[in-house]
Amino acid sequence: MLSFEQLRHTLARLDGRGYKAYKDIEGAFRHERFVLFIDHVQGDPFASPSKIRVRVPQSVAGLPSSLFANRVRRIALQDFLTRTVHRAIRQISHGHRGMGKSGLIAIDVGGQEVLERTAVVITDQWVEARLHVGLPAQGRTILGRQAEAMLCQELPQIVHQGLCWNQLDYAEGERFVSCVENQEAIRSQLDERGLIAFVGDGAILPRASGASEKPLVSGQVQPFRSPDSLRVTFSLPNPIDHLGHRTTTITGMGIPKGVTLIVGGGYHGKSTLLRALERGVYPHIPGDGREWVVTSREAMKIRAEDGRRIERVDISGFITNLPFGQDTTQFSTDNASGSTSQAASILEALEVGATALLLDEDTSATNFMVRDARMQALVNKAHEPITPFLDRVRELYQTYGVSTILVMGGCGDYFDVADTVIMMREYLPHDVTQEAHHIAKTLGTNRQREVPFAMPPLVPRIPLAESIDPSRGRREVKIDTKALDLILFGEETLDLHAVEQLVDISQTRAIGCAIHLAAQRFMDDKQPVREIVRAIDQLFDKEGLDLLDPFHRAGHHPGNFARPRPLEIAAALNRLRSVRMRQQR
Ligand code: ADP
Ligand code: MG
C-alpha cells in the first residue's frame, strides 16, 4: 500500500497532464488515521464521478459497539453516519474546483426514512464510507494541486469530523439509533397485537409542502391524538422523551386488522393520515414527526394506473365478461384501464405476500370501488364486468387474511363492510364505528351484493428469464436510474410513478439491478415471482447490497444503493413492458 505522501507526489506530477493520466492514482493509500481506496477514476470531468472509499479502523473511529450490536442498530448507525459525513462535507468541502464535476465530494445520504444503504458500512474492525468525487480539471487538463487539496486536506478533515465518534454528538447518535430500534420493536409486535398499524399520540403527520417530506412547522399544526377507544400502549426497548416526560412506553392509535375506513370532510386530514401510514413501513429519523407511525412491513399502497402493462394476471375475481370475450383469468394488456390496473395491482400484491392494502379514493378508479343501487338498476350486471372492491374487501380479509385501510369520504356504502371507521375532523381522528354501523342498519343502500362466485385462488406466475433484456446498443447491460420513479432498463423505459412507497432514488437504483440479478440467478422458468423476490431479499440479508453492482467483484463499491422491499421489486418487474410470464396452475 502506498502512503499519502506518495499520493501527494503523484498528484503534483500529474498537474497539467491529460485527464486519462488520473488513472495513475487508482489504488490504496495509507493515511495516519485511515486508508483511502481510489476504486474507479472517471473518464473526464463531466463523466459520472470517481468512486472512492475511506476505511477507518475502529481503534480510531471509536464507535461504541453497543450502537451496532444488532442488525437494526447497525443499519441505524450506518444511516446516521451517512448524515454526519454529509454534514461534514457541507462544512468542509470547498466545492467547485474547475470544470464539470471538478471538486465535488458526495455521499448518498437519505431523506426522512432510515434505510439499509451501501454508503456506510460498519464492521467490528472498521467503518467505511463510500464517496463520489469529481477529480478536478480545466478542460481535459488535470488540476493536480486542486486534487491534492481535495484528497489530502479536505478529505482527512471530513473523515475526522464525520466518522470519528469523539468528534460527533454522542447524544444525537444514541438518540438516533434508539429511536429506530424503538420503531422496529413496535413493528415486530403489531401482528401479535392484532394490529396493522400504529400512530403515536403527538405525531406530526402533515408535510411542509406537496414537494417536501419535511414536517410542517409553519402555521397551525394539529399533533395526532388517538381516540380513547382505539388507544393502545407499547413498551419500548429504549427510553424516550415523550409528551414532556421520560418514559419507556408509548401510547397511540392502533389500527386493527380487518377493514378500516378513514372518513371525514374534505381537507380534514384523511389523505395525510394515509400517506403517513404508507411511509410507516420504514423507520423515520428523530424529529420527522412520523417516528411513531409504524405500519406492517408488508402493507402495500394500491392505486389506479391507467396505461400500465399487465402480464397474465388472473383478475377474474374483480373483472369478468369483458367486451369481445377477453380472458380475465390470464389478463394481459399494454394499456390497462383505471379499474383493470387497480385489480391487477391488488392481485400482484397478494401474489407476493402483502398483508394489508392501503387505498385512497383520491387515486382510485370510482367504478372499481363502488356501484350503487341506481347504477345497478340502469346498467345490468350482465353488462358490467366489474365486481366492485366493496363486494370483495371482506372476502380478501376472510379468505386471504389481507387487511384494508381505505380513505373514503364520498361513499357510505362501505359502512356495511368496515370493522373500524375512523373519522378525521379538524385533523383529529374519532372512532365512529358504532355510529357508522348504526347508520348501515337503519339507512339501507338498496344495492345488491354482486358476488357471482367466490374469489378464485391466487395463481402464482413464473417470469421467463429470456424476456428480461437489459442490453442497449453495444452494451450487454445498461440500466440507468433517472429519477425516483424512472429506470431506463436496456431499451425500455420503466415507469414507477404508481409505486408510491418507493421513497429513495437509491432504492430505485437497487431495483433496476435487482431485476437483472434475479433474471440471471433465480429465473429458471420454474420459480414464481414470490420465490424470486424472496430469494433476492435473502441474498441481501446474507451478503448486503454491494453485490447488485456488476463491477463490485473488481473492487468497485457502488455506495449508492438503498434496500427496497420485495414488494417494490415485484411491482417493478410487473411493470416491465417486455416481461413475459406463465401461470402456474
Ligand atoms: P383530505 O384527504 O381529508 O381532503 P388532506 O389530508 O389532503 O385532506 O389534508 C388537507 C390539508 O390539511 C393538507 O394541506 C395537509 O397538509 C393539512 N393537514 C393535514 N393534517 C394536518 C394537521 N394535523 N395539522 C395541520 N394541517 C394538516
Ligand atoms: Mg384526500
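When a ligand or atom number is given, it counts from 1 through the structure's own listing order.
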*R392 NZ/CZ over F453 ring centroid, <6.0 Å and within 45° of normal*: yes
_Backbone of I319 reached by a side-chain donor or acceptor of T328 within 3.5 Å_ = yes
*What distance do L406 atom CG and M369 atom CE have between them, rounded to the nearest 0.5 Å?*
4.5 Å
*Using a strict cut-off of under 4.0 Å between a residue heavy atom and any atom of ligand 1, list the qualifying protein residues by chain and number.*
P206, Q220, V221, Q222, G265, G266, Y267, H268, G269, K270, S271, T272, Y427
*What protein atoms of element N, O or S are positioned under 2.8 Å from the Mg ion (ligand 2)?*
S271 OG, D362 OD2
*Under 6.0 Å from the six-membered ring centre of F176 and within 45° of its axis: does the NZ or CZ of R83 meet both?*
no
*First locate atom NZ of K441, then atom CZ of F415, and finally report the distance between them rounded to the nearest 0.5 Å.*
14.0 Å
_H268 and Y427 aromatic ring geometry - parallel, tilted or perpendicular at 30°/60° bounds_ = tilted
*Non-neighbouring partners of Y267 that pass ring-ring contact (aromatic ring centres under 6.0 Å, His included), sequence neighbours left out*: none
*ring-ring contact (aromatic ring centres under 6.0 Å, His included): which pairs involve residues 208-231, sequence neighbours left out?*
none
*Salt bridge check: are D334 and R309 linked by an N-O gap of less than 4.0 Å?*
yes
